[in-house]
Structure formats: structure tokens, C-alpha cells
Amino acid sequence: MPGLAFALALPTATLAEPVTLAALGDSLTQGYGLPPEDGFVPQLQNWLESRGHEVTVINAGVSGDTTAGGLSRVAWTLTPEVDAMIVALGGNDLLRGIDPASSRGNLRGILEAASEADVSVLLVGMQAPGNYGPDYKQAFDTMYPELAEEFGALLAPSFFEGLTGDPSDAQAMGRYMQPDGLHPNAEGVAQIVATLGPRVEALIGRVETASN
């Protein structure tokens, strides 16, 4: 009976399980200096929902956090309902001049915890400024792609990838940044989400593929 077959097929098409993402990060993830609704997590949530995804994004950003701080709380971030995790840490390690070997070890610990919990990861990288010297920059910049490859994580090259203009040009970047020059304003976050969003969709796709 064609009508019955159609009716039975309908629920299958709409039966997508909701996906829960944890965004583990620092002030950039937490939404420093912005009204709650303008922060990274709410804007990402809205962007994903506008694309038809049934998803909950948990804000696990702590202002001032380093990779060591992220490692110390990853166990209680990875609650049973978490299906995937965005990891965006390292900026405060740079500000403090922490040895990249230490940062790499902390990120490795976070990725190991996610692997043990069977949680897919999108690792968001960043690039060190040149003032720490070429050896520091080389060690810092390469740890993200190398760890992503080692653990099979998805990789975004930079949290600020979506901001137009030359990142070294303060005037070009100014319209997207708060007065401190470190944190994006609401418009900047929107640009960041629009660029990072498809990578998050790929992360959701991994979860949905694994659950089928």
C-alpha cells in the first residue's frame, strides 16, 4: 500500500537525534565583554539551528584559561550527553609565554580524554606572533595540525579565520574587535561563526554518521 509505505517512511526522515556539543575554551569561547546573546556560543547555536541542525552547544569557556586549565576540567566537561567537542585553547599560553611543549602536552591530554569518551573533536588552532622567536613560533604553530592528525580530529586553522583584512593591520581589524584589541565584538563573532560554522557542521556529521 503506497500510502502506508509513505507514512511509515516519514518518521525516519525526521528522526535525527539531537546533538550536544561542548565548546571548551577561554574568554573567546566564553563571550568576554559581550551581552550573553552576542557571544560565540549563542551565535553558533543560532547559526546551526538556522541551518536545520537540532543541536545544543554548551559554553565551557572560562576567561583567562590556559591549555592546562582546559585539561584540568575536561573530565567534567565530557558529561555523558556530550557527543562532540570544540577545543579552542592556547591564546593565554601565548600571552604568558608558556613553553609550547607544555601546551602540546595539555592539548594531547584533552584529546586523549575525548578519545577515551568516544567524543569527536574540532581542534581550533592559532599562530604565535614572531616576537617569541622562530623556534617558539614553529613549535607552537605546528602542534595543532600535528595533534589533529595524530588523533583524527577535525582542524580549524584559527579562531579568527573569519575576520577579513590583515590581522597585523589594527585599523582593518578594528571594526570587528572590542577596544582591548584582543576580543571580537558582536559583528566579529558573527564573522567568526560564519567561517567556523561549516567545520562545526562537519563535526556534527561525524556524530550522526557514527550513530547510524
Side-chain angles (χ1 to χ4, degrees), residues 18-74 76-79 81-96 106-107 110 114 119-127 144 153-165 167 170 172-204 207:
V19 174
T20 299
L21 307 176
L24 182 70
D26 50 31
S27 55
L28 297 174
T29 303
Q30 181 261 336
Y32 176 87
L34 295 170
E37 66 275 12
D38 289 337
F40 171 71
V41 168
Q43 288 209 46
L44 178 61
Q45 172 98 34
N46 291 337
W47 188 91
L48 291 169
E49 288 178 347
S50 75
R51 302 271 293 182
H53 298 285
E54 190 175 352
V55 61
T56 298
V57 187
I58 298 170
N59 193 339
V62 173
S63 187
D65 222 358
T66 60
T67 56
L71 177 59
S72 72
R73 59 193 177 85
V74 68
W76 50 264
T77 298
L78 291 170
T79 53
E81 69 269 17
V82 171
D83 300 303
M85 183 165 64
I86 302 165
V87 178
L89 288 162
N92 290 305
D93 296 52
L94 274 180
L95 290 174
R96 300 180 189 190
N106 295 329
L107 289 173
I110 291 169
V119 165
S120 298
V121 171
L122 170 62
L123 182 62
V124 182
M126 62 179 54
Q127 292 73 46
Y144 293 98
L154 294 171
L155 177 69
S158 170
F159 190 85
F160 292 104
E161 182 186 10
L163 300 189
T164 57
M173 293 288 287
R175 62 176 292 195
Y176 296 119
M177 302 300 286
Q178 296 181 42
D180 64 7
L182 296 173
H183 299 91
N185 57 26
E187 186 181 359
V189 172
Q191 294 287 331
I192 289 165
V193 165
T195 301
L196 194 62
R199 301 181 193 276
V200 180
E201 287 187 301
L203 183 65
I204 293 170
V207 173

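- How far CE of Met85 is from CG of Leu78: 4.5 Å, rounded to the nearest 0.5 Å.
- Between the CG atom of Leu21 and the CG atom of Asp83 there is a distance of 7.5 Å, given to the nearest 0.5 Å.
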Indicate every side-chain donor-acceptor pair of residues 31-40 with a distance under 3.5 Å to a residue at least two apart or in another chain.
none

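- Asp65 pairs by the salt bridge (charged side-chain N to carboxylate O under 4.0 Å, His left out) definition with Arg73, not counting sequence neighbours.
- What you find for Val121 and Ala114 is that their closest heavy atoms are CG2-CB, 3.5 Å.
- When every heavy atom of Ala88 is checked against every heavy atom of Thr29, the shortest pair comes out as CB-OG1, 4.0 Å.
- Residues in residues 18-28 take part in these side chain to side chain donor-acceptor pair (under 3.5 Å) pairs, two or more places apart or across chains: Ser27-His183.
- Not a single side chain to side chain donor-acceptor pair (under 3.5 Å) links Thr77 to another residue, sequence neighbours left out.
- Two residues are said to be in side-chain contact when any heavy atoms from C-beta on lie closer than 4.5 Å; Phe159 and Met126 fail this criterion.
- Of all heavy-atom pairs spanning Phe160 and Leu28, the tightest one is CZ-CD2, 3.8 Å.
- Leu71 is linked by a side-chain contact (heavy atoms from CB on, under 4.5 Å) to Val74, Asn106, Ile110, counting only residues two or more places apart in sequence or in another chain.
- Gln43 and Ala186 make their closest contact through NE2-O, 3.2 Å (heavy atoms, listed as atom of the first residue, atom of the second, distance).
- Partners of Glu201 by side-chain contact (heavy atoms from CB on, under 4.5 Å), not counting sequence neighbours, listed by chain and number: Trp47, Leu48, Arg51, His53, Pro198.
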Item checked: side chain to side chain contact (heavy atoms under 4.5 Å, CB included) assessment of Met177 paired with Leu163 -> CA-CA 10 Å; Met177 302 300 286; Leu163 300 189; 3.9 Å; yes
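- No donor-acceptor distance shorter than 3.5 angstrom exists from the side chain of Asn59 to the backbone of Val41, with no hydrogens or angles considered.
- Checking each of Val82, Val57, Ile204 against Val19 for a side-chain contact (heavy atoms from CB on, under 4.5 Å) leaves exactly one that passes, namely Ile204.
- Scanning for side chain to side chain donor-acceptor pair (under 3.5 Å) contacts around Thr79 gives Glu81, with sequence neighbours left out.
- Gln30 places no side-chain N or O within donor-acceptor distance of the main-chain N or O of Gly25, the cut-off being under 3.5 Å.
- Gln127 places a side-chain N or O within 3.5 Å of a backbone atom of Pro157 that can act as its donor or acceptor partner.
- Ser120 meets the side-chain contact (heavy atoms from CB on, under 4.5 Å) test with Ala84, Leu203, Arg206; sequence neighbours excluded.
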Notebook entry, point to check: For Leu107 and Tyr144, what are the C-alpha separation, side-chain angles and deciding distance, and is it a side chain to side chain contact (heavy atoms under 4.5 Å, CB included)?
Noted result: CA-CA 9 Å; Leu107 289 173; Tyr144 293 98; 3.6 Å; yes
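- Qualifying salt bridge (charged side-chain N to carboxylate O under 4.0 Å, His left out) partners for Glu49, counting only residues two or more places apart in sequence or in other chains: none.
- In this structure, CG on Leu24 lies 11.0 Å from CD1 on Ile58, to the nearest 0.5 angstrom.
- Pairs passing the salt bridge (Lys or Arg N to Asp or Glu O under 4.0 Å) check and including a residue from residues 178-197, sequence neighbours excluded, read Arg175-Glu187.
- Between Ala156 and Leu122, the shortest heavy-atom distance links the atoms N-CD1, 3.9 Å.
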